[in-house]
Amino acid sequence: MKKQIQELIANSLKTLESEEIIPAIEQPKITIENSRDSAHGDFASNIAMVLAKVAKTNPRGLAEKIIKYLPKSDIVERTEIAGPGFINFFLKQNTHQSIIIDILEKGDQYGDSSIGNNIATLVEFVSANPTGPLHIGHGRGAAYGAVVANLLKKVSYKVSCEYYVNDAGRQMDILAVSVWLRYLQINNKNIPFPDNAYQGDYINDIADSLQKTHAEKFITTTENLFPLFAEEDPELKIDGLIGYCKDELGQENYRIVFDEGLNVILATIKNDLNNFGVEFDTWFSERSLVDDNTVSKCIEKLTNNNWIYEKDGAQWFRSSKLGDEKDRVLIRENGLATYFASDIAYHLSKVERGFEKIIDIWGADHHGYITRVKASMQAMELSPEKLEVLLVQFATLYRGKEKLQMSTRSGQFITLKELQDEVGKDATRFFYIMRKSEQHLDFDMELAKSQSNDNPVYYIQYAHARICSVFRQMPEKGFTYNQEEALSDLSVLTETHEIKLLSTLARYPEVIENAALAYEPHQLVYYLKDVANDFHTYYNASQFLIEDNVIRNARLALVVATKQVIKNGLSLLGVSSPEVM
RNA sequence: GCGCCUGUAGCUCAACCGGAUAGAGCACCGGCCUUCUAAGCCGGGGGUUAGAGGUUCGAGUCCUCUCAGGCGCGCCA
């Protein structure tokens, strides 16, 4: 509808120019707003104020001329000049009412848009290290990423969701050592366990299952193990243990222990995400980038193009030439590639797999990382503008006023699963995305539980359930609903609350498009609150199940359309639309 | 110290590429259930949009500075 009004104005301006009433001017984009106040009509444009200066006239005068030359329209009832020079558009009532027909025809597809043009898009999110179960911070990224992906799909981006599995690197070695030490402890209680190894009970579980499947296969002599615990620097201590573990077990057995930890934890993660309603198309292994030489190819290419130099025994990438604060190490003195090196290869892979739009969703603590990844894409000639990095602030967990410190290594954290079990899936997902993603989120579990009845998610779901209830009661009360007849005579929907609800429903496609293009699920959340509010108000003001056939049918059609929009919106958020509450 | 982000009602947050009188929820006060679910609706109080300048027809929104908070500044990931 906005587009139609835009065209009307564009036409008028063209006429004004050709009639030489105003000079030929370069036109800015004509913006049309939804009026906040119904006294200002349905839509408003500020075009007269924007163009007044270049047209060398005053805004109200220009507005008058624009209105005079507006082409006739089927949808506009009248226009008005208001305030400093706004042009307000009042729509004909049947324009409002016809949205019901549109909604009921399109059903689940109402709100779809083609603006994404089937552009191949990769959304990578969560990607937590598989060193433990997902905690509450990951949950926010999971909910956010899933909804962003849903929104983009709705507006015709061809979306693939991916989880990058960091199955290489030191953290994973620490995990393997943690498992191995717990395994050894099963047979020898005297073996110590370092503070900075992974403490969680799940490590014991993995060790137990290792014991069950492989019995005593990984038990080695431990005489040389004990002295390693004497090392004072905890990081050196754990590195010493890693080295010892690798040497004692040998490559093959070390891999078995390592993979047991990886696979068990990854399975837990997958399971928790599925239960949370978050699914991935691909699970991309970091190790695979090393194994298939993508990493080394990248290093080679960068070296050939003089993006790499050697200093202090390490290989450095000249990121400072591309906007970064300093150069970054790709290959360490000890010969191992850094995480950043893998990431360069990973982004090469993303481009090589044909993705035109690459969305990375990271925790906000990684924001300093953006410049160097873009720099690396530049150096790799990979069009860094394809990459869009979205940051999600961490959620801080509270129990009442008590802030819960969390760290994966210490094993003290509330998992996503526990949160979901306690708060419920719908409320958890809704809570996570009802705020702008770059805002801090204080997730108070006490509050989330105790106030669960006041949670806005129920407000919206309640509207849906109420509508379902109306239709359950209908036959009991001896009424019928004839949709065909309803759609042929919607003109009886003229009450204030009806018009309000109709115009809110008409906004849905625009909301989806805006929310998708801005990667802002919370826009949809706020919109759905509006829909629910308009409906509840209407519900309290008007009776739907009444004798008058024409009015009853028309009202029920409006109510069905409302139900459809709520269901479409909630399903994008991954929240259920209950029929009974 | 440098860089990025944030600062809106008592609390938690909105405000559609700069638009009209800055809006909701919670909390507080007052109304509405012989009528489709009161998990609801209606009304009321509550603001110098952290502060000071600037840009223009017009600023919560853009620019500069100050203050306050968060995050980042590894041959960790």
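Since the model is a prediction, treat every value here as computed from it, not as a measurement. Protein chains get the first letters and strands the later ones, always in sequence-line order, with residue 1 at the start of each.
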Taking atom [atom1] in both [N] and [M], what distance in whole Å separates the two?
N     : M     : atom1 : result
B:G45 : B:G3  : P     : 46 Å
B:C57 : B:C5  : C1'   : 33 Å
B:C17 : B:C73 : P     : 33 Å
B:A38 : B:G18 : C1'   : 42 Å
B:C62 : B:G25 : C1'   : 30 Å
B:A59 : B:G72 : P     : 37 Å

Whole angstrom value for the distance that separates [atom2] of [N] from [atom1] of [X]:
X      : N     : atom1 : atom2 : answer
A:I87  : B:A20 : CD1   : P     : 17 Å
A:Q171 : B:C76 : CD    : P     : 11 Å
A:R555 : B:U35 : CZ    : P     : 18 Å
A:E310 : B:C75 : CD    : P     : 16 Å
A:F86  : B:A20 : CZ    : P     : 6 Å
A:R36  : B:A22 : CZ    : C1'   : 7 Å
A:Q315 : B:G74 : CD    : C1'   : 18 Å

In chain order, what residues pass the side chain to side chain donor-acceptor pair (under 3.5 Å) check against [X], with sequence neighbours excluded?
X      : answer
A:S319 : A:D324
A:S38  : none
A:Y481 : A:Q483
A:N34  : A:E510

Taking the side chain of [X] as its heavy atoms from C-beta onward, which of [options] lies nearest to it?
X      : options             : value
A:E33  : B:A77, B:C16, B:C17 : B:C16
A:T31  : B:C17, B:A20, B:G40 : B:C17
A:Q473 : B:G72, B:G40, B:C36 : B:C36

Taking only nitrogen or oxygen atoms into account, show me every contact under 3.5 Å that the protein makes with nucleotides 6-9 of chain B, one pair per line with its distance.
none

(request) Could you check whether the rings of A:F535 and A:Y539 sit parallel, tilted or perpendicular, using 30° and 60° as the cut-offs? (result)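 The rings of A:F535 and A:Y539 sit tilted, inter-plane angle from 30° to 60°.
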Could you list by number each residue of [range] showing a heavy-atom separation from RNA chain B of less than 4.0 Å, or answer none if no residue does?
range                       : value
residues 497-521 of chain A : A:E510, A:N514
residues 532-544 of chain A : A:N533, A:H536, A:T537, A:Y539, A:N540, A:S542, A:Q543, A:F544
residues 327-337 of chain A : A:V329, A:R332, A:E333

Distance-only side-chain donor-acceptor flag, [X] / [Y], under 3.5 Å:
X      : Y      : result
A:E513 : A:S113 : yes
A:Q171 : A:N166 : no
A:Y459 : A:N533 : yes

Which is true for [X] with a 4.0 Å heavy-atom rule: it touches a base, it touches only sugar-phosphate, or it touches nothing?
X      : answer
A:H366 : base
A:H440 : sugar-phosphate
A:A82  : base
A:Y369 : base
A:K477 : sugar-phosphate

Those residues that, when tested against [X], pass salt bridge (Lys or Arg N to Asp or Glu O under 4.0 Å) (two or more places apart):
X      : result
A:K237 : none
A:K374 : none
A:R466 : none

Would you say the side chain of [X] and the base of [N] hold a donor-acceptor pair, judged only by whether the two atoms sit under 3.5 Å apart?
X      : N     : answer
A:H367 : B:C5  : no
A:N88  : B:A20 : yes
A:N46  : B:G19 : yes

(request) Measure from NZ or CZ of A:R78 to the centre of the six-membered ring of A:F90 and say whether it is under 6.0 Å with the direction within 45° of the ring axis. (result)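 Output yes; distance and angle both within limits.
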(message) For the base of B:A24 and the side-chain ring of A:Y526, does the geometry meet a stacking cutoff of under 5.5 Å between centres and under 30° between planes?
(response)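 Given the distance and angle limits, no, they do not stack.
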(request) Treating a pair as Watson-Crick (purine N1 to pyrimidine N3 plus N6-O4 or O6-N4) or G-U wobble (N1-O2 and O6-N3) with both distances under 3.5 Å, list the stems of 3 or more consecutive pairs that involve RNA chain B. (result)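 RNA chain B forms these stems: B:1-7 with B:67-73, B:10-13 with B:23-26, B:28-32 with B:40-44, B:50-54 with B:62-66.
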(message) Under 6.0 Å between ring centres: does that hold for A:Y538 and A:F544?
(response)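 A:Y538 vs A:F544: aromatic centres under 6.0 Å.
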(request) Flag the pair A:Y527 / A:Y508 as yes when their ring centroid distance falls below 6.0 Å, and as no otherwise. (result)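 Yes, ring centres under 6.0 Å apart.
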(request) Would you indicate, yes or no, if B:C57 has its OP1 or OP2 atom less than 4.0 angstrom from a side-chain nitrogen or oxygen of A:K53? (result)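 Looking at the OP1 and OP2 atoms of B:C57, one of them is under 4.0 Å from a side-chain N or O of A:K53.
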